[in-house]
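I have placed the structure first, in the form of structure tokens, so that the comments after it can refer back to it.
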Amino acid sequence: RSSGVIGTAAGGIASLAADSSPQLGGFLDAAGNYIQMQKGGDISSASPCVITTSGDFFAVTGTTNFSAFTVAADRHFFLEFGAVLIMTHGNGTLDLPGGANITTAASDVGEFVSTAADTVTCVNYTKRDGTAVVSSGGGDLRNFIIDGDMTQWPEGTAFPSIAHVTYGHALWQHVGGTSLFAINRSTTVPTVAQSSHQSTYSQEVDCTTADGSPGSSDYRELRFYITGSDFTFLHQQTVTLAFWWYSTVTGTCSGSIRNSASDRSYPYSFTVSDSNTWEYKTITIALDTSGTWLFTEADVGLTLTFNLLCGSGLTQTANTWYAGDSRGATGTANHASSTSNYVRIAQVGLYLGSTAPTFLGESIATVKDQVDWYIQRYDINTSSGEYIGAAGSMTSTTNARIGFAFRKEMRTTPSWTSSAAATFEVTADGAAADLSGISTSTLSKLSHGINCTRASTTAGFGASLARDGSDATYLQYNARH
């Protein structure tokens with residue numbers, strides 16, 4: 001049946017060629033035959049990518065990224081990619097499996113349906129190497145926040161007046177000027193019934209000095225730096241930030257995602273409904289496709305922040321990328337408005353894709369190893385006169401050179417600090433003496449050559465470094481960003 005006139009032969013249909021819009025009156029019975037597909041002409045990648053009417057299977061050439069198609073409604077088509085490009089999940093214009101961007105490879109094949117003009121869903125995607133686009137667990141389940149369970153506090157568990165550019169937790173840095181807050185390791189955590197995970201600690205931020213009227217350029221924030229090499233997995237992808245939040249202040253709270261130069265930023269917001277109550281928050285973000293982003297281990301790839309206070313000059317409308325340094329969302333709450341205010345944060349995760357899995361955490365051995373890449377602290381406090389595990393020799397009558405090997409290689413050559421020289425002693429020629437000076441001979445990502453000044457003894461003797469009695473003694477090496 002047709003809306004037009006069909007030529008006939010002996011009362012039957014001779015050809016449909018004369019009918020530009022043939023219609024079926026019911027399901028098509030192919031009578032044991034098949035409907036032939038047609039390979040169309042090659043398509044040059046473009047933004048948007050234009051699907052022609054020359055066929056329903058196309059080879060895509062070029063490397064131009066795109067986030068939309070130009071295509072008529074009700075098309076079913078296949079694309080075989082010839083090179084690497086990025087298809088960006090478009091939340092309605094181009095829906096991709098798992099809500100995540102896809103980086104193509106040569107010989108990958110995608111199957112698509114246009115549910116309306118220029119509105120396309122990828123119903124299947126086959127990678128050349130056979131790996132799944134979305135894993136059986138619902139996506140890449142890696143958490144790109146190291147120790148999101150807040151277990152590692154190498155420099156202490158209470159910071160009564162946290163300074164500018166100072167770490168409390170091993171990898172969360174307080175930034176923003178003079179102290180208005182204390183930071184503590186808290187044992188108040190979401191219950192297993194709430195989160196399906198047993199945490200031991202959360203990060204607590206208490207307001208100790210109120211600032212009810214911050215200036216337009218004032219801010220305080222908690223920062224987490226994702227190193228450039230880890231950021232390569234996230235660049236131009238869709239990610240989901242998930243965390244548990246507990247605060248005195250309710251209403252709009254916020255944070256931001258920024259590049260290393262802070263000239264590309266994305267303020268995000270979330271709503272706190274109830275005071276002093278654990279609430280679970282998720283924010284899905286399509287990462288930036290503009291600006292300069294860095295990808296080596298020496299670089300900060302991405303900065304994630306939680307906002308504690310933000311002046312109006314540093315805020316922008318939430319959930320949009322900006323060319324500039326936006327540190328929070330317009331209308332964000334001021335957690336420094338009263339010394340009765342505090343914030344607790346737990347189970348922080350950043351995941352590839354548009355959903356977050358149930359927070360699992362990592363084994364304590366894995367977390368400690370990950371943190372050691374950035375900071376290593378050696379508290380020598382087990383026993384009086386405890387040997388530090390470092391030996392060397394007297395290079396002069398008053399100087400010992402001691403070699404100290406780290407637990408593991410560090411991200412970069414670290415800076416170092418220690419307790420006072422007098423908290424150490426060096427034993428040489430059978431006699432121990434307190435140090436009067438301690439300094440660096442050599443320092444690398446693997447070890448520290450330590451110069452130790454002590455009372456005179458014979459040069460050339462072997463020497464060992466130890467805790468002086470029961471003094472509070474430590475060595476700390478910092479390779480954080």
Side-chain angles (χ1 to χ4, degrees), residues 147 150-162 166-170 182-187 200-201 364-365 367-410 414-480:
D147 193 27
M150 306 297 178
T151 65
Q152 301 302 297
W153 298 73
E155 297 172 87
T157 59
F159 301 83
S161 183
I162 191 79
T166 301
Y167 288 88
H169 176 274
I183 290 182
N184 304 300
R185 188 182 70 182
S186 173
T187 56
T200 304
Y201 304 115
I364 194 65
V367 170
K368 285 179 175 291
D369 186 66
Q370 290 173 328
V371 170
D372 271 354
W373 181 245
Y374 296 95
I375 178 170
Q376 296 185 30
R377 184 180 173 103
Y378 301 84
D379 287 295
I380 302 99
N381 55 13
T382 303
S383 60
S384 179
E386 179 182 356
Y387 173 58
I388 293 175
S393 63
M394 297 298 301
T395 58
S396 71
T397 57
T398 58
N399 185 78
R401 183 166 297 165
I402 303 294
F404 182 66
F406 302 150
R407 286 187 292 261
K408 66 169 290 181
E409 181 181 357
M410 303 194 74
S415 60
W416 74 285
T417 56
S418 72
S419 53
T423 65
F424 298 87
E425 65 180 25
V426 162
T427 297
D429 193 19
D434 293 354
L435 299 192
S436 59
I438 184 169
S439 61
T440 291
S441 170
T442 58
L443 185 60
S444 73
K445 295 190 289 185
L446 295 169
S447 64
H448 187 193
I450 308 173
N451 285 327
C452 303
T453 304
R454 54 152 285 171
S456 183
T457 187
T458 304
F461 275 103
S464 60
L465 185 64
R467 177 189 190 189
D468 180 34
S470 58
D471 289 351
T473 307
Y474 74 88
L475 293 165
Q476 180 171 296
Y477 299 91
N478 180 12
R480 295 172 289 200

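Just so it is clear, the values below take in all heavy atoms, side chains as well, and ignore hydrogens, waters and symmetry mates. Predicted, not measured: the structure shown is a model, and the values here were computed from it. Position 1 is the first residue of the sequence; numbering continues from there.
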*Do R480's NZ or CZ and the ring of Y374 fall within the cation-pi criteria of under 6.0 Å and 45°?*
no

*Can any side-chain N or O of D147 pair as donor or acceptor with the backbone N or O of T151 at less than 3.5 Å?*
yes

*Donor + acceptor pair across side chains of T442, H448 (<3.5 Å)*: no

*D468 and F424: CA distance, side-chain angles, deciding distance, side-chain contact (heavy atoms from CB on, under 4.5 Å) verdict*: CA-CA 5 Å; D468 180 34; F424 298 87; 5.7 Å; no

*Exercise: identify the closest heavy-atom pair between L465 and C452*: CD1-SG, 4.1 Å

_side chain to side chain donor-acceptor pair (under 3.5 Å) against S444, all qualifying residues, sequence neighbours excluded_ = none

*asked:* Can you tell whether the side chains of D434 and R454 come within less than 4.0 Å, N to carboxylate O?
replied: no

*Q370: partners by side chain to side chain donor-acceptor pair (under 3.5 Å), with sequence neighbours left out*: none

*Side-chain donor or acceptor of T473 paired with backbone N/O of T423 under 3.5 Å*: yes

*Can F404 and Y378 be said to form a ring pair (Phe, Tyr, Trp, His ring centres under 6.0 Å), step by step?*
CA-CA 11 Å; F404 182 66; Y378 301 84; 4.9 Å; yes

*Got a donor-acceptor contact below 3.5 angstrom from the T427 side chain to the G430 backbone?*
no

*Looking at Y477 versus F406, is the centre-to-centre ring distance below 6.0 Å?*
yes

*asked:* Is there a side-chain contact (heavy atoms from CB on, under 4.5 Å) between M410 and D372? Walk through the geometry before answering.
replied: CA-CA 7 Å; M410 303 194 74; D372 271 354; over 6 Å; no

_Between Q376 (side chain only) and R407 (backbone N and O only), is there a donor and an acceptor less than 3.5 Å apart?_
yes

*Sidechain-backbone polar pair: R377 side chain, P154 backbone, donor-acceptor under 3.5 Å*: yes

_Note, Y387 side chain near S464 side chain (heavy atom, < 4.5 Å)_ = yes

*asked:* Which heavy atom of R467 sits nearest to which heavy atom of S384, and what is that distance?
replied: NH1-N, 4.0 Å

*If you look at every heavy atom in W373 and E409, which pair is closest and at what distance?*
CE3-O, 3.3 Å

*Using a distance-only test with no angle check, is there a side-chain donor-acceptor pair under 3.5 angstrom linking Q476 and Y474?*
no

*The single option from I375, T166, T417 passing side-chain contact (heavy atoms from CB on, under 4.5 Å) against E155*: I375

